[in-house]
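Note sheet for the following structure.
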Amino acid sequence: MTIWLNAGIIFTLLAITIILLKWGNVRVVGVTPVRTFTFIAILFTSGLDVGLIMFPLTEFAGYADIKASPEYAFANPLAIEFGYWGFLIWGFYFLTCFYFCVIEPKVKFFEIPWVKFINNVVIIGTCAFTAYLLLSNLPWYLPEIGDGSSVVSEFYLIVFAAICFAVYSSTDIKYVRFLSISTTWLFIALIGFMWAGAFVLGDSQMSAFTDNLASIGTYFANINEFVLPLNDYHEFYLFWWFAWSIMIGQFTSRFVGGLKTYQVLGAMLIFPSIPIAIWFSVLYHYHEAGIPTQGIKNFAMVFVGIVFVINSLDSLVRLYTDNLNITVKRFGKAKYMIGNILALSLLTLLFKLEFLQIQWVGALVIALFFLCAGFIGYSKFKTVNSIDSSPKANKIDYTKIETQS
């Protein structure tokens, strides 16, 4: 699996380089373009899930234990955490976003029936994994419910409610902008709330925060270390990013609003990484100073984590239902909701039973990358080589999102 993952990463980096050299100045326009802030909000909230909120406090100690994991010795735990979530790996999303916006309309590889089937298996499976992550982390963050380690019935109800809400919001595309922008502001508010709880007024406290931010620079000084997997846990993360990449690219490609290709890459690498760096810097102080988060702080993190899950599931449900023509218009809202809620709930339980693994999904996505490249090279090379713009039918009209359902 490691060799397969390494091959996928190298292929992705080479593909990004080729895109920048050939189409770097092409203006990228999606079928439902939105303004840049809205695009970034959709990208950030759809492209991340509950793990961003809930994982770091459980992981810092492991990254600091270089006796058990000497491969982490080259950087501090905060830089390691950032490396698993920020900057370079957002290039995965750029590759697929550009492909689905500019190249796929000409190639139509993902309209081949068996490819469409595999693609939707990936999307549905990752939807369920997102819900499973929320379910598996709730005991740590809400120890007041249950025994602090086991998944109890209340947690199943919370996840089921999140699935129901997400499926309902996926019934109309107008909810996308509202959900994405609202979630972005909620996350900013959470950062402010947690920052206030960790850094009271005073020079020394501000110095601790700025020192944490500065320590993330170790990531950039050692960015080459993060390209290939450091260990099995990093490998899990990279497969996870691959699993997400193909569907987030499909979804976000709809909303690109006229940025040039190199600007899309810059926006995807830089803008999501800024709030991630600030958030991790705040959480790292909680870890280092031993500040407890029980009570209202944990509740706030869980609440925002649930909203992230709803956002992610909304975009993914919308994507696979469109691909499979399982639409509200075709089946009616009641049948649409019942079918999707049952499917996602059952698949979430399969992840809980460890019947499914996200690494398998990521490996399947890498296979799709290679098959797509082979298909282009064999039968669509001239077509792709002649591409010089986004599809002509895609016009910059920021009102489209208000009129589509």
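This chain uses plain numbering: 1 for the first residue, then up along the sequence. Remember, predicted model here, so these are calculated numbers, not experimental data.
For Phe117, the CZ atom counts as loosely surrounded, since its 6.0 Å shell holds 12 or fewer non-hydrogen atoms of other residues, nucleotides or ligands. Within a 6.0 Å radius of CZ in Phe375, other residues, nucleotides and ligands contribute more than 12 heavy atoms. No more than 12 heavy atoms of other residues, nucleotides or ligands shown are found within 6.0 angstrom of CZ on Phe303. Within a 6.0 Å radius of CG in Leu346, more than 12 heavy atoms belonging to other residues, nucleotides or ligands are found. Remark: Phe370 CZ is packed, more than 12 non-hydrogen atoms of other residues, nucleotides or ligands lying under 6.0 Å away. With a 6.0 Å radius and a threshold of 12 heavy atoms from other residues, nucleotides or ligands, Phe193 has its CZ atom above the threshold. Atom CZ of Phe299 has 12 or fewer neighbouring heavy atoms from other residues, nucleotides or ligands inside a 6.0 Å radius. Other residues, nucleotides and ligands place more than 12 heavy atoms under 6.0 Å from the NZ atom of Lys22.
Using cut-offs of 30° and 60° for the angle between ring planes, the Phe60 and Tyr284 rings count as perpendicular. Ring planes of Tyr63 and Tyr72: perpendicular class, angle over 60° (limits at 30 and 60°).
Side-chain atoms of Trp279 come within 3.5 Å of backbone N or O of Leu52 as a donor-acceptor pair. At least one donor-acceptor pair under 3.5 Å links the side chain of Thr327 to the backbone N or O of Arg330. Side-chain atoms of Tyr286 come within 3.5 Å of backbone atoms of Met194 as a donor-acceptor pair (strictly under, hydrogens ignored). For the pair Lys380 (side chain) and Gly377 (backbone), a donor-acceptor distance under 3.5 Å is absent. Listed for the Tyr141 side chain is a donor-acceptor partner under 3.5 Å among the backbone atoms of Met54. Remark: the backbone N or O of Tyr168 is paired with a side-chain donor or acceptor of Thr171 at under 3.5 angstrom. Checking side-chain atoms of Asp314 against main-chain N and O of Ser170 turns up a donor-acceptor pair under 3.5 Å. At least one donor-acceptor pair under 3.5 Å links the side chain of Thr58 to the backbone N or O of Phe55. For Lys395 (side chain) and Lys392 (main-chain N/O), a donor-acceptor pair under 3.5 Å exists by modelled atom type. Panel note: side chain Ser390, backbone Arg27; a donor-acceptor pair is recorded below 3.5 Å.
Under the side chain to side chain contact (heavy atoms under 4.5 Å, CB included) criterion, Asn394 pairs with Val29, Val31, Pro391, sequence neighbours left out. Residues that satisfy the side chain to side chain contact (heavy atoms under 4.5 Å, CB included) test with Ala343, not counting sequence neighbours, are absent from this structure. Applying the side chain to side chain contact (heavy atoms under 4.5 Å, CB included) rule to Leu5 yields the partners Ile9, Pro229, Glu235, Leu238, Phe239, Phe242, Ile366; only residues at least two apart in sequence or on another chain are considered. Applying the side-chain hydrogen bond (donor to acceptor under 3.5 Å, both in side chains) criterion to Glu225, with sequence neighbours excluded, gives no partner residue. Take Thr96 and apply the side-chain hydrogen bond (donor to acceptor under 3.5 Å, both in side chains) test, not counting sequence neighbours, and it matches no residue. Residues satisfying the side chain to side chain contact (heavy atoms under 4.5 Å, CB included) test with Ala64, not counting sequence neighbours, are Pro77.
When all heavy atoms of Phe110 and Glu104 are compared, the pair lying nearest together is N-OE2, 3.0 Å. Contact detail for Phe160 and Ser345: the closest heavy-atom pair is CD1-OG, 3.6 Å. Closest approach of Pro272 to Ala267, counting heavy atoms only: CD-O, 3.2 Å. In plain terms, the two heavy atoms of Ser253 and Phe100 that are nearest each other are OG-CB, 3.6 Å. Across Gly257 and Ile396, no two heavy atoms sit closer than the pair O-CD1, 4.0 Å. Residues Ala277 and Leu213 approach most closely at O-CD2, 3.9 Å, considering heavy atoms.
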*Please lay out, stage by stage, how Glu288 and Asn212 fare under the test side chain to side chain donor-acceptor pair (under 3.5 Å).*
CA-CA 10 Å; Glu288 284 286 273; Asn212 284 350; over 6 Å; no
_Worked verdict on Phe82 versus Phe87 for ring-ring contact (aromatic ring centres under 6.0 Å, His included)_ = CA-CA 8 Å; Phe82 181 80; Phe87 198 70; 7.6 Å; no
*Please test Phe39 against Phe44 for ring-ring contact (aromatic ring centres under 6.0 Å, His included), starting from the C-alpha separation and ending with a verdict.*
CA-CA 9 Å; Phe39 172 70; Phe44 184 74; over 10 Å; no
*asked:* Between Met247 and Val365, is the side-chain contact (heavy atoms from CB on, under 4.5 Å) condition met? List the steps.
replied: CA-CA 10 Å; Met247 55 197 175; Val365 169; over 6 Å; no
*Can you list the steps and then say if Phe187 with Phe308 is a ring-ring contact (aromatic ring centres under 6.0 Å, His included)?*
CA-CA 9 Å; Phe187 182 57; Phe308 263 96; 5.6 Å; yes
*Apply the test side-chain contact (heavy atoms from CB on, under 4.5 Å) to residues Asn340 and Tyr336: give CA-CA distance (whole Å), side-chain angles for both, the deciding distance (0.1 Å), then the verdict.*
CA-CA 6 Å; Asn340 281 296; Tyr336 172 92; 3.6 Å; yes
*In sequence, state the C-alpha distance, the side-chain angles, and the governing distance for Trp241 and Phe236, and then conclude on ring-ring contact (aromatic ring centres under 6.0 Å, His included).*
CA-CA 9 Å; Trp241 279 92; Phe236 156 77; over 10 Å; no
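Aromatic ring centres of Tyr219 and Phe280 lie farther apart than the 6.0 Å criterion allows. Ring centers of Phe129 and Trp240: under 6.0 Å apart, within the cut-off.
You'll find the side chain of Arg254 reaches within 4.5 Å of the side chain of Leu319, heavy atoms only. Side chains of Val107 and Tyr99 form a contact here, defined as non-hydrogen atoms less than 4.5 Å apart. A heavy-atom distance below 4.5 Å is found between the side chains of Val115 and Leu368. Looking at Leu88 and Leu269, their side chains never come closer than 4.5 Å, going by heavy atoms from C-beta outward. Considering only heavy atoms from C-beta on, Tyr132 stays 4.5 Å or farther from Leu347 through its side chain. Looking at Ile216 and Asn76, their side chains never come closer than 4.5 Å, going by heavy atoms from C-beta outward.
In this structure, OG1 in Thr184 is found 10.5 Å from CG in Leu179, a value given to the nearest 0.5 Å. A distance of 11.5 Å separates CD1 of Ile103 from OG1 of Thr383, quoted to the nearest 0.5 Å. Annotation: the span from Leu316 atom CG to Thr321 atom OG1 amounts to 10.5 Å, rounded to 0.5 Å. How far CZ of Phe11 is from SG of Cys372: 7.5 Å, rounded to the nearest 0.5 Å. Taking CD1 of Ile66 as the reference point, atom CD1 of Ile80 lies at 10.5 Å (rounded to 0.5 Å).
Ion pair Arg318/Asp322 not flagged as a salt bridge, since none of the NZ, NE, NH1 or NH2 atoms sits closer than 4.0 Å to an Asp/Glu carboxylate oxygen.
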